[in-house]
Amino acid sequence: MQASSRKDLARAIQGRPLRPSAKRGFMDRANHIGTWAGRQKLAVGGPFPQCPGGCHDVAIRPARGGHLVRRQARALEGRQAARALARAALRQLRVRGERAYGGEIFKCTEHSERLHESARWLDFEIPYSVAEIDAAKRLVLERNGQRDAYVRPVAWRGSEMMAVSAQNTTIHVAIGTWEWPSYFDPAQRLKGIRLDLADYRRPDPATIPAKAKAAGLYMICTISKHKAERKGYADALMLDWRGQVAECTGANIFFVKDGKIHTPTPDCFLDGITRKTVIDLARRRGIEVVERRIMPDELATFSECFITGTAAEVTAVSEIARWRFTPSAITQRLMDDYTAEVQPKGKKAAA
Ligand code: PMP
């Protein structure tokens, strides 16, 4: 690695602005970071279909136990990167979807901490600190010149061992960013999207690390979402292994009854960062939020329904299979509050 590249990356990690010359070209010179013109190449294990307008991704590939700044590693380029990520899908891939608004990643550090935590559930340690991952995400965004974007770090085991045991594999991390429009049709976001009921269920945590955001857990999500889309629905509600209401294929779910919000207890599915944010926003508004067991036959008693997720944000639901909901005041209030909450701090203060 050239000394100048190392300095620039160190500046980025310390949160200092890059020198103008560095912004132009240092990613191409640094030999532990590669750029490639990705076309959904990083969408391995991800639940999102579009990549409009082309995108530029940056990969970080450390040597074993390597340090982002000090060690050298090979740059990933083009097909090679796509192949590496496809291989990664076969290994214990751990992903996170994050969102940047106005150049700032919402809950950036919380997402990086979750990446670490989730990797541990899959029995590996990510060889970068939370601060390094935070800095690398910001660097990729800055390098790609994107302000409103989806940010996707992925961590995976290398292919050094072909057996079930993977004790001596290298842990890799890559970060991709995309310009990101609305996950669901914007016109449907308040009107309400239509959900099918998935055939597959969220698994018993005794059978798999159910709360990890691991690619393996998305297999049933992808199948369920495809099936729903083929039938004209936007997404599908998944029950859990006990038959209780769980979540959608890439978002958490909430219901409203008599002015109170009800949502399933996240004991076998992802306790989303957006979910927690929205619960907090509702409580700040004095709206009671009850986390509990919800059975499908209770769906008929709820008046509103909405889903939450980094990609979905807060999106109203108008129907789930045979059940109907009317998006109304509480859904609208939380959509607005969430939109205000994700604004970059400077803008929020100025508003
Ligand atoms: N459940 C699943 C299966 C998801 O993929 C997501 C999206 N990451 C969520 C819930 C929502 O999580 P978050 O709010 O952290 O994006």
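Quick note: numbers below take in every heavy atom, side chains included, and nothing from hydrogens, waters or symmetry partners. One-based numbering, in listed order, for ligands and for the atoms of each.
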If you apply the rule side-chain hydrogen bond (donor to acceptor under 3.5 Å, both in side chains), what do you find for S112 with K137, and how did you get there? CA-CA 9 Å; S112 302; K137 288 186 292 192; 2.7 Å; yes
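Residue T274 holds the heavy atom nearest to atom 14 (O) of ligand 1 of all those in I253, T249, T274, N252. Here the shortest heavy-atom distance to atom 15 (O) of ligand 1, taken over D271, I220, T277, I273, belongs to I273. When G97, G309, G250 are ranked by how near their heavy atoms come to atom 7 (C) of ligand 1, first place goes to G250.
Close contacts of ligand 1 with E247, meaning ligand atoms under 4.0 Å from a residue heavy atom, involve 1 (N), 2 (C), 3 (C), 10 (C). Here is the list of ligand 1 atoms found below 4.0 Å of a heavy atom in A251: 1 (N), 2 (C), 4 (C), 6 (C), 9 (C), 10 (C). The distance from ligand 1 to the heavy atoms of K213 drops below 4.0 Å at these ligand atoms: 5 (O), 7 (C), 8 (N). Annotation for ligand 1: atoms under 4.0 Å from non-hydrogen atoms of Y218 are 2 (C), 3 (C), 4 (C), 5 (O).
When each of L237, I320, L239 is checked for a side chain to side chain contact (heavy atoms under 4.5 Å, CB included) with P296, only L239 meets the rule.
Look at F269 and you'll find every heavy atom at least 4.0 Å from all atoms of ligand 1.
Within the model, atoms CD1 of I175 and CD1 of I133 stand 7.0 Å from one another, a figure rounded to the nearest 0.5 Å.
The aromatic rings of F106 and Y338 sit perpendicular to each other, their planes meeting at more than 60°, with 30° as the lower class boundary.
The two residues R189 and A312 have their closest heavy-atom pair at NE-O, 4.1 Å.
Inspection of the T177 and Q146 side chains reveals an N or O donor paired with an N or O acceptor under 3.5 Å.
Looking at H111 next to ligand 1, no N or O pair under 3.5 Å apart turns up.
Looking at residues two or more places apart in sequence or on another chain, you find no ring pair (Phe, Tyr, Trp, His ring centres under 6.0 Å) involving Y233.
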